[in-house]
Amino acid sequence: MTQVVLTETHGKVGLIRINRPEAMNALNNDVVDGIGAAIDAFEADDNIGCIVVTGNEKAFAAGADIGFMKDFDHMHAYRSDFITRNWERIKTARKPVIAAVAGFALGGGCEMAMMCDMIFAADTAKFGQPEIRLGTLPGAGGTQRLPRAVGKAKAMDMCLTARFMDAAEAEKSGLVARVIPADQLLEETLKAAAVIAGFSLPVVMMVKESVNRAFESSLNEGLLFERRAFHASFGLEDQKEGMAAFVEKRKANFRNC
Ligand code: CAA
């Protein structure tokens, strides 16, 4: 049987590939559970400092699998805790997760990319929340994360008209961190992930937590959270090493402690 989620390691970077090319990487339970298991494994692996999630050149993921869910009734969706039960493992990852998106990232695919800490897009990427065409609505965070990323006007436009946003517009609007020629997407994303994985892991995790706090708190609460994390960093050997290396004009050798 084809494995619908493949994993590889590239140095200190864990790579997760969604692998259902015959269905544009549509997300069913096997795929979502497979991504969750891969995240669990990379989170538990002390040699991994950053995680990349990608699809193929045609699709990151074209959404939740429509055939899989088309006959759900209200009670099944509710009782099985559809989405909440297994989709949000990326959101709870403590190590940084980068989505490398080429081709379609639609519906749940766009939502899964937005659950990651940042999106690197190939110049072929197309983002959209076209659920309205199916008689439903985004159910994995699209109506909440998209406005936070691109603002209300564009989020309303995408969710209400089902239009797609190309990579250039996605970068201009703040949805993606970088646009990269398609044939270099994975290489460039792995390079950036390796840079992150080369830093002190506890500091990387504190940076991620602090930036995410900006979306969950008032400015003063967020500033306090950041200040406490900043103070805590002075308890790390890696802070001593990082500053000593700068003063001694050498490369820091972080030990994640
Ligand atoms: N679910 C199941 N199968 C899908 C799929 C999906 N979301 N998206 C694509 N596929 C399948 C197609 O059915 C097709 O299969 P067959 O060859 O067996 O017919 C195969 O992938 C290739 O797709 P197309 O022939 O349609 O390829 P295309 O290049 O003409 O179009 C596309 C590509 C624009 C992505 C189009 O397939 C499409 O519109 N897909 C659906 C996108 C969508 O509506 N996503 C939202 C899903 S709902 C959701 O995600 C809810 C949520 O918030 C969690």
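As the structure lists them, so they are numbered: ligands from 1, and atoms in each ligand from 1. Remember, it's a predicted structure, so these values are computed and weren't measured experimentally.
Using a 4.5 Å heavy-atom cutoff, the side chains of E241 and R255 are not in contact.
With rounding to the nearest 0.5 angstrom, the CD atom of E43 is 7.0 Å from the OG1 atom of T92.
Checked by atom type, the side-chain pair N29/N86 shows a donor-acceptor distance below 3.5 Å. Q129 and E131 are linked by a side-chain donor-acceptor pair at a separation below 3.5 angstrom, with hydrogens and angles left out of the test.
When every heavy atom of F82 is checked against every heavy atom of W87, the shortest pair comes out as CE1-NE1, 4.3 Å.
When ring centroids are compared, F68 and F72 come within the 6.0 Å threshold.
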Check ligand 1 against the protein and report each N/O to N/O distance under 3.5 Å, formatted as atom name, atom name, distance.
{"unit_1": "ligand 1", "atom_1": "1 (N)", "unit_2": "I66", "atom_2": "N", "d": "2.9"}
{"unit_1": "ligand 1", "atom_1": "7 (N)", "unit_2": "A62", "atom_2": "O", "d": "3.0"}
{"unit_1": "ligand 1", "atom_1": "7 (N)", "unit_2": "A64", "atom_2": "O", "d": "3.0"}
{"unit_1": "ligand 1", "atom_1": "45 (N)", "unit_2": "A62", "atom_2": "O", "d": "2.9"}
{"unit_1": "ligand 1", "atom_1": "50 (O)", "unit_2": "A64", "atom_2": "N", "d": "2.9"}
{"unit_1": "ligand 1", "atom_1": "50 (O)", "unit_2": "G108", "atom_2": "N", "d": "2.8"}
{"unit_1": "ligand 1", "atom_1": "53 (O)", "unit_2": "E111", "atom_2": "OE1", "d": "2.7"}
{"unit_1": "ligand 1", "atom_1": "53 (O)", "unit_2": "E131", "atom_2": "OE2", "d": "2.8"}
{"unit_1": "ligand 1", "atom_1": "53 (O)", "unit_2": "G139", "atom_2": "N", "d": "2.9"}

